[in-house]
Every structure is written in structure tokens, then in C-alpha cells.
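We count residues from 1, following the sequence as given.
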Amino acid sequence: MSDQAEEVRRAPGLTTIAHGVLVRIAQLTAISVPGVSGLAAAPASVDRLFRRGSGEGVQIEIEDNQISAELYLALDHGADARKVGREVQQAVARAIEQMVGMEVGRIDVHFEEIDFEQGEG
């Protein structure tokens, strides 16, 4: 009976999430990870392939209700790229799953730049 009561209380309708929302979640989460100094431009050949679902430093693709992301980032000088990359993958996947409720298939991290100014004072 409780399942039927919940069904009655729930308003009918559809919720959609724009690609831009997914891109923004990935961008903000990635730059919050220690060792990431910012977003980097995607290579020109990649940018042409992913016109839809892309934003600065991030490309999102949805297939079979599963999200895949390509992140193009700048790495702080002296940071451990492998460790930072894993942390970015985990953080972005967790953020998307928790905020949007969609399954994440893969998160690929590409460090396109190294920020040498970060360590200089």
C-alpha cells in the first residue's frame, strides 16, 4: 500500500538534465582537486568531434544512459599526475552520480599543460 501511496503523491512529469549541467559539474569538481591548476583546451581534432556536450576542458557523452567524460586539465608543477588523475576520476564520478543520479562509465583525464607558476611566489 505504501508504494501505491507514493505513486499517488508523486506529480507526473519528466526531469531532464542539459549537457551543460553535466559539463559544469565535471569542471567545478575537477578544479577543486588538489594538484589541478585549471582547465585546459581540448586538442583541436578532439574539439571538432565533440561539439555537443562540451565545454572548456570537458567533453561529456551519454550512451545507454551512461555518462563518459574526457577532461583536459592543467597540472600543478610537482604534483603526482597519476595520483591527481585518479582523484579527479573518483571525485567527478561521485559528483555526477550523487547530483544527477546517472551511472558513470568512464572518466578519462588528459593533462595538457603543467602550471610552473603555481610553485613560484
Side-chain angles (χ1 to χ4, degrees):
M1 178 98 172
S2 65
D3 287 338
Q4 288 177 342
E6 277 186 42
E7 185 82 21
V8 171
R9 282 184 266 163
R10 192 184 74 176
L14 177 67
T15 301
T16 60
I17 299 165
H19 272 86
V21 171
L22 299 171
V23 167
R24 194 67 178 146
I25 291 168
Q27 287 172 326
L28 293 173
T29 303
I31 62 174
S32 72
V33 174
V36 175
S37 69
L39 303 168
S45 60
V46 173
D47 194 35
R48 273 185 262 128
L49 293 174
F50 291 98
R51 290 229 187 263
R52 184 167 184 229
S54 65
E56 183 185 358
V58 175
Q59 274 121 18
I60 299 282
E61 187 175 309
I62 302 171
E63 189 173 318
D64 298 327
N65 206 32
Q66 190 173 60
I67 296 174
S68 297
E70 299 279 334
L71 307 176
Y72 298 89
L73 306 173
L75 181 69
D76 285 338
H77 179 258
D80 180 340
R82 242 185 286 166
K83 180 180 175 204
V84 173
R86 279 192 303 268
E87 289 175 6
V88 167
Q89 289 168 324
Q90 292 168 355
V92 170
R94 185 173 45 251
I96 289 173
E97 288 170 353
Q98 288 177 351
M99 294 178 76
V100 180
M102 292 180 74
E103 184 180 337
V104 175
R106 67 184 290 126
I107 306 286
D108 294 328
V109 175
H110 307 277
F111 291 112
E112 297 290 319
E113 301 173 15
I114 295 179
D115 188 356
F116 288 99
E117 295 177 15
Q118 200 68 351
E120 299 173 3

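- For the 3.5 Å distance criterion, the side chains of R86 and Q89 fail to qualify, holding no donor opposite an acceptor.
- Heavy-atom minimum distance, V58 versus A26: CG1-CB, 3.8 Å.
- Put simply, the side chain of L39 reaches to within 4.5 Å of the side chain of Q27, judged on heavy atoms.
- The shortest side-chain heavy-atom distance between M102 and I62 falls under the 4.5 Å cut-off.
- With rounding to the nearest 0.5 angstrom, the CG atom of D64 is 12.5 Å from the CD1 atom of I67.
- Minimum interatomic distance between S37 and D115 (heavy atoms only, all atoms of both residues): OG-CB, 3.2 Å.
- Here the CD-CZ distance, from E87 to R82, works out to 13.5 Å after rounding to the nearest 0.5 Å.
- Under a 3.5 Å cut-off, the side chain of S32 and the backbone N or O of T29 do form a donor-acceptor pair.
- In this structure, P34 and V84 approach most closely via the heavy-atom pair O-CG2, 3.7 Å.
- Rounded to the nearest 0.5 Å, atoms CZ (R106) and CD (E61) are 11.0 Å apart.
- No side-chain heavy atom of V36 sits less than 4.5 Å from a side-chain heavy atom of L75.
- Of the possible polar contacts, none joining the D76 side chain to the A79 backbone as a donor-acceptor pair under 3.5 Å is found.
- Minimum interatomic distance between A69 and I60 (heavy atoms only, all atoms of both residues): CB-CD1, 3.7 Å.
- Looking at heavy atoms from C-beta onward, L71 lies out of side-chain contact with D108 at the 4.5 angstrom threshold.
- Across A95 and I25, no two heavy atoms sit closer than the pair CB-CG2, 3.9 Å.
- Between A41 and E113, the shortest heavy-atom contact is N-OE2, 4.4 Å.
- Under the 30°/60° scheme for interplanar angles, the aromatic rings of H110 and Y72 are found to lie parallel.
- Separation of atoms CZ (R94) and CD1 (I107) is listed at 11.5 Å; rounding is to 0.5 Å.
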